[in-house]
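Residue numbers start at 1 and run along the sequence shown. These numbers come from the heavy atoms of this one structure, side chains and all, not from hydrogens, waters or symmetry mates. Only a predicted model underlies this, so the values are computations on that prediction, with no experimental measurement involved.
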Amino acid sequence: SSDVCSSDLLENTAGEVGESLDRAAREAEKLAQLKAERDRLLARVAELEDELAALSTVTEEVEGRLDGAIGEIRAALTR
């Protein structure tokens, strides 16, 4: 009887350890997926920051041209 009880306990413990290992493997896989997603998002943020810098430069250039054109129009209107 005690052998059966020990055998059941050993079987149950082995099953629980197996389930824990399976769960740990799934969690490790999920963690790897999340890290890959984080890296992808960080790369995209860097791309968007570069794009923002380029757009800011263009915006400043356009603003300067518009200010110049407005000034010329005002000067022409006062003549």
Side-chain angles (χ1 to χ4, degrees):
S1 165
S2 123
D3 287 341
V4 171
C5 190
S6 295
S7 174
D8 288 346
L9 179 61
L10 183 60
E11 229 177 270
N12 288 341
T13 302
E16 290 172 8
V17 168
E19 290 172 11
S20 293
L21 289 173
D22 289 346
R23 190 169 37 256
R26 286 191 306 272
E27 289 172 357
E29 183 179 332
K30 180 66 175 174
L31 181 59
Q33 290 172 350
L34 290 172
K35 286 180 178 180
E37 178 72 2
R38 180 194 63 197
D39 291 345
R40 187 187 68 73
L41 290 171
L42 286 173
R44 183 64 180 135
V45 166
E47 289 173 10
L48 290 172
E49 287 173 342
D50 291 346
E51 194 173 317
L52 176 61
L55 288 173
S56 294
T57 300
V58 169
T59 300
E60 288 174 15
E61 185 179 322
V62 169
E63 186 178 314
R65 289 181 180 182
L66 283 173
D67 287 345
I70 290 169
E72 289 177 19
I73 291 168
R74 285 187 178 150
L77 291 175
T78 58
R79 292 184 200 147

Residues which pass side chain to side chain donor-acceptor pair (under 3.5 Å) with E47, listed by chain and number, not counting sequence neighbours: R44
Atom OG in S7, atom CG in N12: separation rounded to 0.5 Å? 9.5 Å
CD-CG distance between E27 and D22, expressed to the nearest 0.5 angstrom: 11.0 Å
Hydrophobic cluster identity match, L9 and V17, side-chain contacts under 4.5 Å: no
Residues pairing under salt bridge (charged side-chain N to carboxylate O under 4.0 Å, His left out) where one sits in residues 64-79, two or more places apart or in two chains, turn out to be E61-R65
Just list the side-chain donor-acceptor pairs under 3.5 Å for residues 29-42, sequence neighbours left out, or say none.
unit_1 : atom_1 : unit_2 : atom_2 : d
E37    : OE1    : R40    : NE     : 3.3
E37    : OE2    : R40    : NH2    : 2.9

